[in-house]
Engineer: 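Before I ask anything, let me first share the structure, which is written out below as structure tokens.
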Amino acid sequence: MLAAGVLLASAGLIPTLSAAPLPAPLSAIDFSAHGSAIGAYNSNVLSSPGGPNKVDDYIFTFNPGLTLKYGGIEATTLTFDYTETFYRYLQRPALNEELSYVDFMVDRKQGAFTLDGAFSFNQAYTNTPSSVNPALSSIIRSDVINASGNATWDYSDKFNFSTGIGYTQTRYLYSVGQAYQNTDTYTAPLSGYYVYSDELSFGAGYTYSQTNPDPAAASPGTPGRARYSHTFSLNTKLTKWNKLTGTASAGVTVNHIDADSSSAQPALDTTTGSYALNLSYAYSDPLAFTLTGSRNFSTGVTGQNIEATTVGLGVNYKYSDNIYATANLITYTYSQYLQQNRQDDTKTTGFTVNWKPYNYLTLSAGYSYFMNSSDAPSSTYNINIVTISGTVSY
């Protein structure tokens with residue numbers, strides 16, 4: 001509470017501050033600072049299905065950061081973002097952690113081409129349904145590196161094409177991390193669009209994805225082998241078409257999992273319908289609905305191969321220029337663990353109310369509920385989280 005008070009009190013002084021202009025070429029740098037103080041109650045901090053490790057706690061989070069944008073190169077923008085997050089648990093200080101997030105992005109317009117690249121390093125701290133275990137007495141720490149490069153070619157007013165490559169590396173840390181599987185994932189998307197109008201584009205796409213476990217399995221018998229998939233899709237982009245904006249795609253995914261001789265598990269090939277939705281419907285000036293969803297394959301923390309289907313419905317309501325609310329009415333995920341006798345049903349819901357008394361300050365309060373129901377033993381659990389926060393951006 002003291003740290004939150006200091007943050008908000010400092011925010012109140014911001015309008016009295018001014019910055020001296022920087023000399024060339026540093027004058028092309030746009031600097032901004034951001035940070036938040038969050039107080040939360042979590043009913044199940046370890047995501048435990050029960051037993052002595054199902055405990056609640058009060059958590060204080062403080063995450064100051066800065067953003068630098070450099071536009072001194074013609075047609076190019078460089079962006080650097082850094083955030084340091086401090087977690088403090090009231091009753092279980094052994095869970096306290098400091099985490100860093102660094103992100104660097106490059107955007108360039110080169111004639112008919114739009115190019116962008118990104119690199120990020122994220123120190124993650126979370127438990128998930130694929131890691132749930134009544135014996136787990138800590139929160140899983142991992143380092144995640146993401147790198148990507150993309151190019152879009154505006155061939156004409158009616159046709160454009162995009163391609164790229166992405167890489168994600170996940171490494172689990174400390175003694176608890178030895179039970180989990182490090183992975184390297186590569187993706188290569190390719191798409192082409194026909195611009196039917198200023199409001200509507202449609203086309204086709206292909207994405208190749210490959211995940212390599214490191215080592216080959218977290219432990220003998222773990223069904224976490226190397227895998228790759230091919231996704232073929234029909235895609236749509238909407239720009240305020242009948243009050244709809246966003247993207248939608250539907251297609252087919254062919255997924256292959258290598259055999260595992262250590263556990264005598266054969267290779268597995270699966271073909272399934274796949275889709276991706278990210279749509280917003282402007283019902284009225286203050287009210288908008290969102291629809292999200294996906295169906296594809298992923299890898300769990302112990303190397304499980306998971307086929308997941310997700311759909312979510314949300315709502316955004318703007319009461320005034322400085323008071324607005326967002327709600328996740330329901331997000332539902334059905335996860336099938338391939339070559340394992342496990343199916344999960346995951347449901348989340350929640351809301352956040354925001355008040356922005358000043359341009360640089362936002363005060364928020366919210367509640368969220370999480371429920372994972374599984375037919376696997378000791379894999380069903382729920383979480384209630386209540387938060388209050390103050391966010392500063394200057």
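Values below: all heavy atoms of this structure, side chains included; hydrogens, waters and symmetry mates excluded. Numbers for residues simply follow the sequence, beginning at 1.
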Engineer: What are the two closest non-hydrogen atoms of T239 and D198, and how far apart are they?
Structural biologist: CB-O, 3.6 Å

Engineer: Among side-chain atoms of S335 and D344, is any donor-acceptor pair under 3.5 angstrom?
Structural biologist: no

Engineer: To the nearest 0.5 angstrom, please state how far the CG atom of D103 sits from the CG atom of D81.
Structural biologist: 6.0 Å

Engineer: Specify whether W153 and Y155 have parallel, tilted or perpendicular ring planes, treating 30° as the upper limit for parallel and 60° as the lower limit for perpendicular.
Structural biologist: perpendicular

Engineer: Is there a donor in the side chain of N53 and an acceptor in the side chain of S137, or the other way round, less than 3.5 Å apart?
Structural biologist: no

Engineer: Please lay out, stage by stage, how Y394 and Y360 fare under the test ring pair (Phe, Tyr, Trp, His ring centres under 6.0 Å).
Structural biologist: CA-CA 6 Å; Y394 177 67; Y360 57 86; 7.2 Å; no

Engineer: Using a cut-off of 6.0 Å, state whether more than 12 heavy atoms not belonging to D157 lie near its atom CG.
Structural biologist: no

Engineer: Would a 4.5 Å heavy-atom cut-off, applied to side chains only, mark V144 and T168 as touching?
Structural biologist: yes

Engineer: Please check if the side chain of R108 supplies one atom and the backbone of T77 the other of a donor-acceptor pair under 3.5 Å.
Structural biologist: no

Engineer: Using a distance-only test with no angle check, is there a side-chain donor-acceptor pair under 3.5 angstrom linking N322 and S320?
Structural biologist: yes

Engineer: So, taking the atom named CG in N382 and the one named OG1 in T346, what distance separates them when rounded to the nearest 0.5 Å?
Structural biologist: 12.0 Å

Engineer: Any chance the side chains of T333 and T310 put a donor and an acceptor closer than 3.5 Å?
Structural biologist: yes

Engineer: Is it true that R342 and Q340 share a donor-acceptor pair across their side chains at a distance under 3.5 Å?
Structural biologist: no

Engineer: Answer yes or no: is there a side-chain heavy-atom contact under 4.5 Å between L291 and V311?
Structural biologist: yes

Engineer: I'd like to know if the side chain of N384 pairs up with that of Y367 as donor and acceptor (distance under 3.5 Å, no hydrogens or angles considered).
Structural biologist: yes

Engineer: When hydrophobic residues are tied together by side-chain contacts of less than 4.5 Å, even through go-betweens, does L313 share a cluster with Y275?
Structural biologist: yes

Engineer: Any side-chain donor paired with an acceptor under 3.5 Å for S142 and R171?
Structural biologist: no

Engineer: Is the NZ atom of K54 crowded by more than 12 outside heavy atoms at less than 6.0 Å?
Structural biologist: yes

Engineer: Does any part of the side chain of F119, heavy atoms only, come nearer than 4.5 Å to the side chain of I145, both counted from C-beta?
Structural biologist: yes

Engineer: State plainly whether the residues E74 and K109 are in salt-bridge range, i.e. N to O under 4.0 Å.
Structural biologist: no

Engineer: Over all heavy atoms of both residues, which pair between K243 and Y283 is shortest? Give the atoms and the distance, please.
Structural biologist: NZ-O, 3.5 Å

Engineer: Taking atom types as modelled, find out whether H230 and N255 have a side-chain donor-acceptor pair closer than 3.5 angstrom.
Structural biologist: no

Engineer: Side chains of D56 and S43: any donor to acceptor distance under 3.5 Å?
Structural biologist: no

Engineer: When you check the side-chain N and O atoms of N316 and T326, is any donor under 3.5 Å from an acceptor?
Structural biologist: no

Engineer: Is the shortest heavy-atom distance from the side chain of T85 to the side chain of F62 under 4.5 Å?
Structural biologist: no

Engineer: Would you name the heavy atoms of A248 and L277 that are closest together and state the gap between them?
Structural biologist: CB-CD2, 3.6 Å

Engineer: I'd like to know if the side chain of T302 pairs up with that of Q181 as donor and acceptor (distance under 3.5 Å, no hydrogens or angles considered).
Structural biologist: no

Engineer: If you round to the nearest 0.5 Å, how far is CG of N42 from OH of Y89?
Structural biologist: 7.0 Å

Engineer: Which ILVMFWY residues can you reach from Y337 by hopping between side chains whose heavy atoms are under 4.5 Å apart?
Structural biologist: I306

Engineer: Ignoring hydrogens, what is the shortest heavy-atom contact between L244 and L238? Give both atom names and the distance.
Structural biologist: O-CB, 3.8 Å

Engineer: T253 and S274: side-chain donor and acceptor closer than 3.5 Å?
Structural biologist: yes

Engineer: Please report the shortest heavy-atom distance between L99 and E97, naming the atom on each side.
Structural biologist: CD2-CG, 3.3 Å

Engineer: May I ask you to check whether T185 and T211 show a side-chain donor-acceptor distance below 3.5 Å?
Structural biologist: yes

Engineer: So do the side chains of Y101 and N63 get within less than 4.5 Å of each other, counting heavy atoms only?
Structural biologist: no

Engineer: Any non-hydrogen side-chain atom of F86 less than 4.5 Å from a side-chain atom of F60?
Structural biologist: no

Engineer: Under 3.5 Å, is there a donor on one side chain and an acceptor on the other for S162 and T152?
Structural biologist: yes

Engineer: Are the side chains of I140 and Y172 in touch, meaning some heavy atoms are under 4.5 Å apart?
Structural biologist: yes

Engineer: Taking atom CG as the centre, does L68 end up with more than 12 heavy-atom neighbours from other residues, nucleotides or ligands that are less than 6.0 angstrom away?
Structural biologist: yes

Engineer: Let me see the working for Y58 and Y41 under ring pair (Phe, Tyr, Trp, His ring centres under 6.0 Å), right down to the final yes or no.
Structural biologist: CA-CA 5 Å; Y58 297 90; Y41 168 77; 5.2 Å; yes

Engineer: Only one of N127, L46, N372 forms a side chain to side chain contact (heavy atoms under 4.5 Å, CB included) with Y381, so which one is it?
Structural biologist: N372

Engineer: Salt-bridged, R141 to D143, with N to O below 4.0 Å?
Structural biologist: yes

Engineer: Does a donor on one side chain sit under 3.5 Å from an acceptor on the other, for Q210 and Y208?
Structural biologist: yes

Engineer: Over all heavy atoms of both residues, which pair between T245 and K240 is shortest? Give the atoms and the distance, please.
Structural biologist: CG2-N, 3.1 Å

Engineer: Does any non-hydrogen side-chain atom of L338 lie less than 4.5 Å from one of E307?
Structural biologist: yes

Engineer: So that I know where these two stand, are Y194 and F202 an aromatic pair - ring centroids less than 6.0 Å apart?
Structural biologist: yes

Engineer: Quick one: side-chain contact (heavy atoms from CB on, under 4.5 Å) partners of N160, sequence neighbours excluded?
Structural biologist: D154, Y193, V195

Engineer: Is it the case that the ring center of F104 lies less than 6.0 angstrom away from the ring center of F80?
Structural biologist: no

Engineer: Does the side chain of D184 come under 3.5 Å of the side chain of Y167 through a donor N or O and an acceptor N or O?
Structural biologist: yes

Engineer: Answer with yes or no whether the side chains of D345 and Y332 bring together a donor and an acceptor at under 3.5 Å.
Structural biologist: yes

Engineer: Under a plain distance cut-off of 3.5 Å, with no hydrogens placed, do Y125 and Q123 share a side-chain donor-acceptor pair?
Structural biologist: no

Engineer: Decide if atom OH of Y319 counts as having more than 12 heavy atoms of other residues, nucleotides or ligands within a radius under 6.0 Å.
Structural biologist: no

